[in-house]
Enquirer: 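Following this message is one structure expressed as structure tokens.
One-based numbering, in listed order, for ligands and for the atoms of each. Computed from a predicted model, the values in this text were never measured in an experiment.
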Amino acid sequence: MEIYDVIVVGAGPAGMSAALYTSRANLKTLVIEKECPGGKMIKAKKIDNYIGSESDPFKLASNMFSQVSKAGAKYVTGNVISIKLENKIKKVILSDGKEYNGKSVIFAIGGKVGQNNFKYDYYLNKGLSYCAICDGSFYKGKTVAVIGDNDAVENSVDYLANIADNIYFINIEDKESTRENVENFTKVTDYEIGGKDVVKYIKIGEKILDVDGVFYEVDSNNFSGFINEITTENGYIKVDENMQTNIEGIFACGDIVYKSVKQVVVAASQGAIAAINAIKYVNQNK
Ligand SMILES: Cc1cc2nc3c(=O)[nH]c(=O)nc-3n(C[C@H](O)[C@H](O)[C@H](O)COP(=O)(O)OP(=O)(O)OC[C@H]3O[C@@H](n4cnc5c(N)ncnc54)[C@H](O)[C@@H]3O)c2cc1C
């Protein structure tokens, strides 16, 4: 039976960073990705805030992938559907029936935001954004709407209030922003986004608000399946400071881990932490 030291599930920035570290430590590493290397960052028009790289996201993804491949990680395309624990071995099962065995597993499968779960996803990069921290600076002096929940006040509305001139905050819950340039709409259940090719307005009841952009910041992550034994919190995988889950030898990093800051730089750094601790785990269990 072939056994990998580390199986990384997902080849976004978190998974590729993790695989780089484990491969460079000479651990037998397998990366399993269901789509293509790069993860959610390749949905971005531009990534300007990854330090050292003002880059086309495809170029960034392709550089990451070639670095990981050169370091020796094996890459396969496949959709992981479950993980079975067999003593210390983790059996990773794909939807096509293939199975891979690992001494450790790193979950780097990303979160749900931006994965076609929003009705108006077709406006993505045409005035719709899922991330104020990523795209806020493109709206300097403009008018934007934020559709969000209570967490969006801190995570995006107040952040954007320093950049945009006017903000309409459409909250599906009840918290308001106290910033002067924010108009609050609370407990909104129904709205419509419109515009011919790009976002032009948002309609609430009979009220039409002209906007240059809309930020959708409703958190709807719901990690389930794969492995029953894993502990989650608010739909995210719960980890300790070593990025280890409640199961020894299973780590998680990036957007699938509970946190408010979903960024490439955070995913990559968490991938490194998960990898370094996976290396220690594999070495201790030799
Ligand atoms: C439109 C958009 C613009 C953004 N702009 C920026 C920006 O400018 N700057 C910035 O820092 N961040 C930006 N982000 C956020 C950034 O892309 C994410 O924070 C980052 O990609 C998270 O990395 P990750 O590796 O945790 O997850 P992801 O990038 O989501 O990668 C997870 C990977 O796992 C794979 N996967 C999932 N499930 C399985 C499975 N069952 N089996 C196998 N593979 C699986 C997925 O196909 C995916 O490739 C943006 C996000 C979006 C959507």
Side-chain angles (χ1 to χ4, degrees), residues 7-20 30-58 60-61 64-65 68 75-83 92-96 98 100 105-118 120-138 155 213-217 219 221-227 236-237 239 243 251-275:
I7 297 181
V8 179
V9 185
M16 290 201 275
S17 167
L20 178 65
L30 173 69
V31 179
I32 307 174
E33 164 59 52
K34 67 176 178 179
E35 291 173 9
C36 64
K40 270 203 300 295
M41 66 181 173
I42 56 175
K43 285 191 162 214
K45 220 178 187 171
K46 241 181 138 201
I47 296 203
D48 275 353
N49 57 1
Y50 188 69
I51 189 75
S53 155
E54 278 179 278
S55 178
D56 162 8
F58 281 97
L60 185 58
M64 286 183 184
F65 183 60
V68 172
Y75 177 88
V76 294
T77 303
N79 180 22
V80 173
I81 52 165
S82 78
I83 300 205
V92 178
I93 300 157
L94 272 53
S95 55
D96 61 7
K98 286 196 184 109
Y100 296 95
V105 169
I106 299 177
F107 272 114
I109 55 172
K112 281 225 168 74
V113 172
Q115 291 187 327
N116 302 325
N117 63 336
F118 182 47
Y120 295 100
D121 194 60
Y122 50 86
Y123 280 125
L124 182 62
N125 295 329
K126 293 174 189 152
L128 171 69
S129 168
Y130 295 118
C131 173
I133 294 168
C134 308
D135 299 332
S137 68
F138 303 133
N155 293 340
V214 170
F215 290 83
Y216 182 74
E217 298 266 358
D219 202 332
N221 210 53
N222 184 19
F223 175 82
S224 60
F226 291 107
I227 177 159
Y236 290 81
I237 298 179
V239 289
M243 312 310 295
F251 300 81
C253 51
D255 281 6
I256 191 56
V257 168
Y258 182 58
K259 64 178 161 55
S260 56
V261 185
K262 294 187 173 71
Q263 291 285 277
V264 174
V265 69
V266 177
S269 62
Q270 288 188 344
I273 297 170

Enquirer: Would you kindly say whether Asn49 and Gln263 are connected by a side-chain donor-acceptor distance under 3.5 Å?
Expert: yes
Enquirer: Could you tell me whether some N/O pair between Ile256 and ligand 1 is separated by less than 3.5 angstrom?
Expert: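 In this structure, Ile256 places no N or O atom under 3.5 Å from an N or O of ligand 1.
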Enquirer: What atoms of ligand 1 come within less than 4.0 Å of a heavy atom belonging to Ala44?
Expert: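 By the 4.0 Å cutoff, the relevant atoms are 3 (C), 4 (C), 5 (N).
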Enquirer: Please confirm whether Val264 comes within less than 3.5 Å of ligand 1 when only nitrogen or oxygen atoms on both sides are compared.
Expert: yes
Enquirer: Which bit of Phe226 is near ligand 1, meaning a heavy atom under 4.0 Å away: side chain, backbone, both or neither?
Expert: side chain
Enquirer: Backbone, side chain, both or neither: what part of Lys46 comes under 4.0 angstrom of ligand 1, heavy atoms only?
Expert: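 Lys46 to ligand 1: backbone contact only, side chain stays beyond 4.0 Å.
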Enquirer: Could you list which atoms of ligand 1 come closer than 4.0 Å to a heavy atom of Ile32?
Expert: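 Selected atoms, number and element: 43 (C), 44 (N).
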Enquirer: Provide the closest heavy-atom pair for Tyr75 versus Glu35 in the form atom of the first, atom of the second, distance.
Expert: OH-O, 4.2 Å
Enquirer: With side-chain contact (heavy atoms from CB on, under 4.5 Å) as the criterion, how do Phe226 and Ile109 come out once you've worked through the C-alpha distance, each side chain's angles and the decisive distance to 0.1 Å?
Expert: CA-CA 11 Å; Phe226 291 107; Ile109 55 172; 3.7 Å; yes
Enquirer: Heavy atom to atom 19 (O) of ligand 1, shortest distance: which of Ile81, Val261, Asp255 holds it?
Expert: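 Minimum heavy-atom distance to atom 19 (O) of ligand 1 goes to Asp255.
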Enquirer: Using a 4.0 Å cut-off to any heavy atom of Met41, which atoms of ligand 1 qualify?
Expert: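 Atoms satisfying the 4.0 Å criterion: 17 (O), 21 (O).
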Enquirer: Using the six-membered ring wherever Trp is involved, compare the ring planes of Tyr216 and Phe118 and label them parallel, tilted or perpendicular (cut-offs 30° and 60°).
Expert: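 The rings of Tyr216 and Phe118 lie parallel, inter-plane angle below 30°.
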Enquirer: One residue to check: Ile133. Relative to ligand 1, which of side chain, backbone, both or neither has a non-hydrogen atom less than 4.0 Å away?
Expert: neither
Enquirer: So which heavy atom on Cys36 is nearest to which on Ile42, and how close?
Expert: SG-CD1, 3.6 Å
Enquirer: Out of curiosity, is Gly78 lining ligand 1, as in a heavy atom under 4.0 Å away?
Expert: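 Contact present.
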Enquirer: Using a strict 4.0 Å cut-off to heavy atoms of Leu124, name the atoms of ligand 1 that fall inside it.
Expert: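 With Leu124 as reference, the close atoms of ligand 1 come out as 1 (C).
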Enquirer: With sequence neighbours left out, what residues match Asp48 under salt bridge (charged side-chain N to carboxylate O under 4.0 Å, His left out)?
Expert: Lys46
Enquirer: Judged by atom type as modelled, is there a donor-acceptor pair below 3.5 Å linking the side chain of Glu217 to the main-chain atoms of Asn155?
Expert: no
Enquirer: Within a distance under 4.0 Å of any heavy atom of Asn79, pick out the atoms of ligand 1 and give their elements.
Expert: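 Per the distance check, 40 (C), 41 (N), 42 (N).
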Enquirer: Between Asn79 and Leu94, is a side-chain contact (heavy atoms from CB on, under 4.5 Å) present by the stated rule, with each step listed?
Expert: CA-CA 5 Å; Asn79 180 22; Leu94 272 53; 5.9 Å; no
Enquirer: For Asn49, which part has a heavy atom under 4.0 Å from ligand 1: side chain, backbone, both, or neither?
Expert: side chain
Enquirer: Please confirm whether Ala108 comes under 4.0 Å of ligand 1, counting heavy atoms of the residue only.
Expert: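 Distance cut 4.0 Å: Ala108 passes for ligand 1.
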Enquirer: What atoms of ligand 1 come closer than 4.0 angstrom to any heavy atom of Ala267?
Expert: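 The list of qualifying atoms is 22 (C), 23 (O), 26 (O).
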Enquirer: Evaluating non-hydrogen atoms only, which member of Met64, Lys262, Lys40 is closest to atom 52 (C) of ligand 1?
Expert: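 That would be Lys40.
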Enquirer: Have a look at Glu35, Glu33, Met16 and point out the one with the heavy atom closest to atom 47 (O) of ligand 1.
Expert: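 The nearest heavy atom belongs to Glu33.
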Enquirer: Can Leu124 and Tyr130 be said to form a side-chain contact (heavy atoms from CB on, under 4.5 Å), step by step?
Expert: CA-CA 8 Å; Leu124 182 62; Tyr130 295 118; 3.5 Å; yes
Enquirer: If you compare all heavy atoms of Ala252 against all heavy atoms of Ile256, which two are closest, and at what distance to 0.1 Å?
Expert: CB-CG2, 4.4 Å
Enquirer: For Gly10, take its heavy atoms, then give the atoms of ligand 1 lying under 4.0 Å from any of them.
Expert: 33 (C), 34 (O), 35 (C)
Enquirer: I need the contact type for Ala14 against ligand 1. Using non-hydrogen atoms and a strict under-4.0 Å cut-off, is it side chain, backbone, both or neither?
Expert: both
Enquirer: Should Gln263 be counted as touching ligand 1, given the test is an N or O pair under 3.5 Å?
Expert: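 The answer is yes, given that Gln263 and ligand 1 share an N or O pair closer than 3.5 Å.
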Enquirer: Taking side-chain contact (heavy atoms from CB on, under 4.5 Å) as the test, write out the residues that go with Ala14, two or more places apart.
Expert: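 Only Ala108, Cys253, Ala267 meet the side-chain contact (heavy atoms from CB on, under 4.5 Å) criterion with Ala14.
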